[in-house]
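A quick write-up on the structure given underneath.
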Protein chains: 2
Amino acid sequence: MATPTERIPLSRERVLHAAVELADAHGLPAVTMRRLAEELGAEAMSLYYHVAKKEDVLDGIVDVVAHEINDAVARVEPGADWKQTVRRRILAAREVFLRHRWAPELFATRSSTSTAVLRYYDELVGLMRAGGFSYDLVHHALHALGSRALGFSQELFDPGAGASTDVPTELAAQLPNLVGMLGEIAHDDPDSTLGWCDDQREFEFGLDVILDGLDRLRA
Amino acid sequence: MATPTERIPLSRERVLHAAVELADAHGLPAVTMRRLAEELGAEAMSLYYHVAKKEDVLDGIVDVVAHEINDAVARVEPGADWKQTVRRRILAAREVFLRHRWAPELFATRSSTSTAVLRYYDELVGLMRAGGFSYDLVHHALHALGSRALGFSQELFDPGAGASTDVPTELAAQLPNLVGMLGEIAHDDPDSTLGWCDDQREFEFGLDVILDGLDRLRA
DNA sequence: ACCTGAACACCGTTCAAGT
DNA sequence: ACCTGAACACCGTTCAAGT
């Protein structure tokens, strides 16, 4: 019988899945060739038999995540119109990124595009075409959506991150409008306060502004 | 008289400006402590007398760029309404990023926010408030704009990057809609073809979709 | 076919030492 | 006060060698 510690041979799949788990557990910086090998009970140099170089590993895990996204959107039921269907699919894709919080940064810095990502976009283009968009407008729409088409929006700066209390007073004096915004949202509107740092709500708000705008341009 | 090769003492400012020049010339990966020191005619270890660590250098050059942005928007003449003014300022900020193409990636990965960036946002909030927005809607608007508020949109994937010719045929068969879009835009519409890979135009299109949507919500 | 040890050319950073 | 040399603990990657 096989003992649990029996040696499983390495493979590209095992390397990529270990890399995803490593990133999930300890973030992208933990994904080094040496650490990855350790996780697999092998030496760093052994990895090079299965992957070309570290970039190849990074491209590979983008592809793994893109497959998860395609699986997720495949389970989405179509809505009443293009907008509802696209919205549901984007929110389903977003859930994958919520499980792999390191992935947006990686997607944003890849130069070559995974074929799984291309397939995702292909279906998106198809849905918008079926919804009455010209190819030209779809093209503009993809640029307008940017990373939101895939389910994430890179936040540069969380306008709510600095709670009113921890802004140094001399700095606060230079930022009357930002401080005013923070103050008002923090106490005047309990409903909004609930959603205050709720990125999901902000994501949906931004997404709907764009989808509504595109729908109007379509007509 | 001073000879041109006379030794100028290091300073935080010199280090940061050298880092910006190095990134402009050779990209972010070229910005290493050792290379930076070399550029300044010093040893890597000398830098640590003027900056705390490499992260400090990166935070510092974000601040340098943010100051350039604030200088640029300060020269913008107000428009007829909030939307025109905000639009002009954002496009002025964008020009700074066009001079420092490595900067978007850096802005997106900083955890602490430069005070110069906060001042930029403070003025933006002020302009929108003056234009009739509630603080609550301004807050949503900042999230909806995301990095576009600062003048860039991280493109994950350029829908025009793969010119129809260089897509392998077996892959193309799996991407009928994407291939269709590429084909149509490439020959049917000379006007659009001009703007085909024109990021500036796409940026403005996306920006206007959002600004128009926000303007409607304001009313 | 698959894995490894030793080695190379890089990193960022510390610390004691120089002027 | 300002700069440096030597050293440490890391990287990714090559290459010849092991089974």
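All values below were derived from every heavy atom in this structure, side-chain atoms included, with hydrogens, water molecules and symmetry-related copies excluded. Throughout, protein chains are lettered first and strands after them, A, B, ... in sequence-line order, and every chain is numbered starting at 1.
Going from atom CE of A/Met33 over to atom C1' of C/dC11 covers 17 Å, rounded to whole Å. Rounded to whole Å, atom P of D/dC10 lies 11 Å from atom CZ of A/Arg35. Atom pair A/Arg14:CZ and C/dC2:C1' shows a separation of 13 Å (rounding to whole Å applied). Between the CE atom of B/Met45 and the P atom of D/dA7 there is a distance of 12 Å, rounded to whole Å. Rounded to an integer number of Å, the gap from B/Arg34 CZ to D/dC11 C1' is 12 Å. Atom CD of B/Glu43 is separated from atom P of C/dT13 by 17 Å (rounded to the nearest Å). Atom CD of B/Glu38 and atom P of D/dC3 are 17 Å apart (whole Å). For the pair A/Tyr48 OH and C/dA1 P, the computed distance is 21 Å after rounding to whole Å.
Here the two rings, on B/Phe97 and B/Phe107, have centers that are under 6.0 Å apart.
Taking only side-chain atoms of A/Lys53, from C-beta outward, the nucleotide of C/dT14, C/dG12, D/dT13 with the closest atom is D/dT13. Of the candidates D/dT13, D/dC3, C/dG12, D/dT13 carries the atom nearest the A/Lys54 side chain, counting heavy atoms from C-beta on.
Between B/His50 and D/dA1 there is no side-chain polar atom (N or O) within less than 4.0 angstrom of OP1 or OP2. Residue A/Tyr49 has a polar side-chain atom (N or O) positioned under 4.0 Å from OP1 or OP2 of C/dC2.
When all heavy atoms of B/Phe205 and A/Ala141 are compared, the closest pair comes out as CE2-N, 4.3 Å. Closest heavy-atom contact between A/Val73 and A/Arg89: CG1-O, 3.4 Å.
Electrostatic pairing of B/Arg110 and B/Glu55 counts as a salt bridge here, judged by a charged N lying under 4.0 Å from a carboxylate O.
Residue contacts shown for B/Thr32 are limited to sugar-phosphate atoms, with no base heavy atom under 4.0 Å away.
Not counting sequence neighbours, the partners of B/Glu204 by the salt bridge (charged side-chain N to carboxylate O under 4.0 Å, His left out) test are B/Arg87.
In this structure, a donor-acceptor pair under 3.5 Å is present between the side chains of A/Glu68 and A/His100.
Judged by the 6.0 Å distance and 45° axis criteria, B/Arg94 is positioned over the aromatic ring of B/Phe203.
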With both pairing distances under 3.5 angstrom for Watson-Crick or G-U wobble, and | for a partner in another strand, the correct string for DNA chain C is ||.|||||...|||||.||
